[in-house]
2 protein chains.
Amino acid sequence: MATGTRDRIIDAALALFAERGVAAVPVTAIEAAAGLAAGSGAFYRHFRNKTELVDALVDRELTRARDRVPPARDEADGNATEVLTTRLRGDLDFLRELGPLIHILVWERGRNPELVERLRSTVFEASIESGMAEVLSLAPTQAVQEDPEAAAQVMLSAMVGFFLAEEYYGRPAGPVSADRFARALAALLTSEP
Amino acid sequence: MATGTRDRIIDAALALFAERGVAAVPVTAIEAAAGLAAGSGAFYRHFRNKTELVDALVDRELTRARDRVPPARDEADGNATEVLTTRLRGDLDFLRELGPLIHILVWERGRNPELVERLRSTVFEASIESGMAEVLSLAPTQAVQEDPEAAAQVMLSAMVGFFLAEEYYGRPAGPVSADRFARALAALLTSEP
DNA sequence: GTCTATATTCGGATAGAC
DNA sequence: GTCTATCCGAATATAGAC
């Protein structure tokens, strides 16, 4: 049950941090959400302090993100635009899974630079790289081939921007649904002169 | 000098909030940064409390953003891709000016829903609308014409995503500079089948 | 309007019983 | 491992002199 409590604390903290921010969540609130008595020091039997909890939490979630199996691709359907649209929708779902971690990054930036750097090098650079391969194989248009790396970053940036707008404003932020958005982005990437 | 101090407090708070987050900045630090004695209650002669300061600050910055004169356009140079590239670089500079306000939005979300809604309806919707007009006049390609609203949101999302990556990771986040990014996005939007 | 000083509340963290 | 009780430091906010 010892390890069980530790994980329950991490789960509770993840939800609270994503919602309110790390600094704004007192340890007492974490204890309460984890089923411990608020104000008892029970938390401190599992973590030296709040900082150590954040580190452990990020470790766990980053590992989960890395080990996530990409969903199987239906390679055999439709034209390039359709295939890319489907992939982009899947990527948006992945971003949503990553959401809490992203929010914590946002709140911890400045206070925890090496956390930020880990996320950047682990997730961001890998996304650019795989995005570049994806876009080159599915949308080898002239605009893409001129600078595939930049095209991949446009794709990634658009996805992240849309996701964040959806998260920070009540969803949907604008008149465009996730479906329409993915389709428009795919169409732009695959439109051949 | 009374109003002068009030504005100095807002200036100081804007910088501190953008850097560390609202919750993490004590009133004493704002006083110090505004040239008042830290720990003196001098702050409270100008604002009832920190919440009221945040409201006043957002009011001021939102008004500034609304009243900002868009930089004059050199209408007469180059092809559509070049013109759009230049515009996008200008928009990125505008986003950088808006940066502190965006960071505060990010930190206050959840604690201050009507602030978020004001920013969404004031800035976000206006950006979609003007972006749609822009993209239709400069890049009336087939992909854009099929769903101009979605294309505008792709453009806006990509800009915001790039800007945030630049801000939250040390700049530049990836191997792609702002110039390369703007050019690639413009090329994608204007590439005609 | 700004200062010194202070009352108060709250969050972080520890001690020791069970 | 979790509880009750408690200490300490930091942050909000006020009182009253200048």
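Being a predicted model, the structure only gives us computed values, none of them experimental. Below, chain A is the first sequence line, B the second, and so on; all start at residue 1.
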ask   = Looking at dT2(D), dT14(D), dG12(C), which one has an atom nearest to any side-chain atom of Tyr44(A)?
value = dG12(C)
task = Specify the separation, in whole Å, of atom CD of Glu31(B) and atom C1' of dA5(C).
result = 14 Å
query = Whole-Å distance between dC3(D) C1' and Phe43(A) CZ?
reply = 17 Å
key: Distance, rounded to the nearest Å, where Leu53(B) contributes CG and dA13(D) contributes P   = 11 Å
Review item, nucleotides 5-11 of chain D N/O atoms under 3.5 Å of protein N/O:
residue: dA5(D); atom: N6; partner: Gly39(A); partner atom: O; Å: 3.4

request  = Return yes if some donor-acceptor pair links the side-chain N/O of Arg20(B) with the main-chain N/O of Val25(B) below 3.5 Å, else return no.
outcome  = no
key: Donor-acceptor side-chain pairing of Glu19(B) and His103(B) below 3.5 angstrom   = no
message = Tell me whether Arg183(A) is salt-bridged to Glu146(B), with the criterion being a basic N under 4.0 Å from an acidic carboxylate O.
response = no
inquiry  = What I want to find out is whether Arg64(A) reaches Glu97(A) closely enough, with some N-O distance under 4.0 Å, to be called a salt bridge.
reply    = no
Enumerate donor-acceptor pairs with a distance under 3.5 Å from any side-chain N or O in residues 106-117 of chain B to protein atoms, sequence neighbours excluded.
residue: Arg109(B); atom: NH2; partner: Ala18(A); partner atom: O; Å: 2.6
residue: Glu117(B); atom: OE1; partner: Arg120(B); partner atom: NE; Å: 3.0
residue: Glu117(B); atom: OE2; partner: Arg120(B); partner atom: NH2; Å: 3.0

Under-3.5 Å N/O pairs linking protein and nucleotides 16-18 of chain C:
residue: dG16(C); atom: O6; partner: Arg45(A); partner atom: NH2; Å: 3.4

request  = Could you tell me the separation between the CZ atom of Phe47(A) and the P atom of dT2(D), rounded to a whole number of Å?
outcome  = 12 Å
query = Taking atom P of dT4(D) as reference, at what distance in whole Å does atom CG of Leu36(A) sit?
reply = 11 Å
inquiry  = Any side-chain to backbone donor/acceptor pair from Glu166(A) onto Phe162(A)? Under 3.5 Å, distance only.
reply    = no
request  = Run the numbers on Arg8(A) and Asp11(A) for salt bridge (charged side-chain N to carboxylate O under 4.0 Å, His left out), then give the verdict.
outcome  = CA-CA 5 Å; Arg8(A) 260 168 35 232; Asp11(A) 290 335; over 6 Å; no
N/O donor-acceptor pair under 3.5 Å between Ser40(B) side chain and Leu36(B) backbone = no
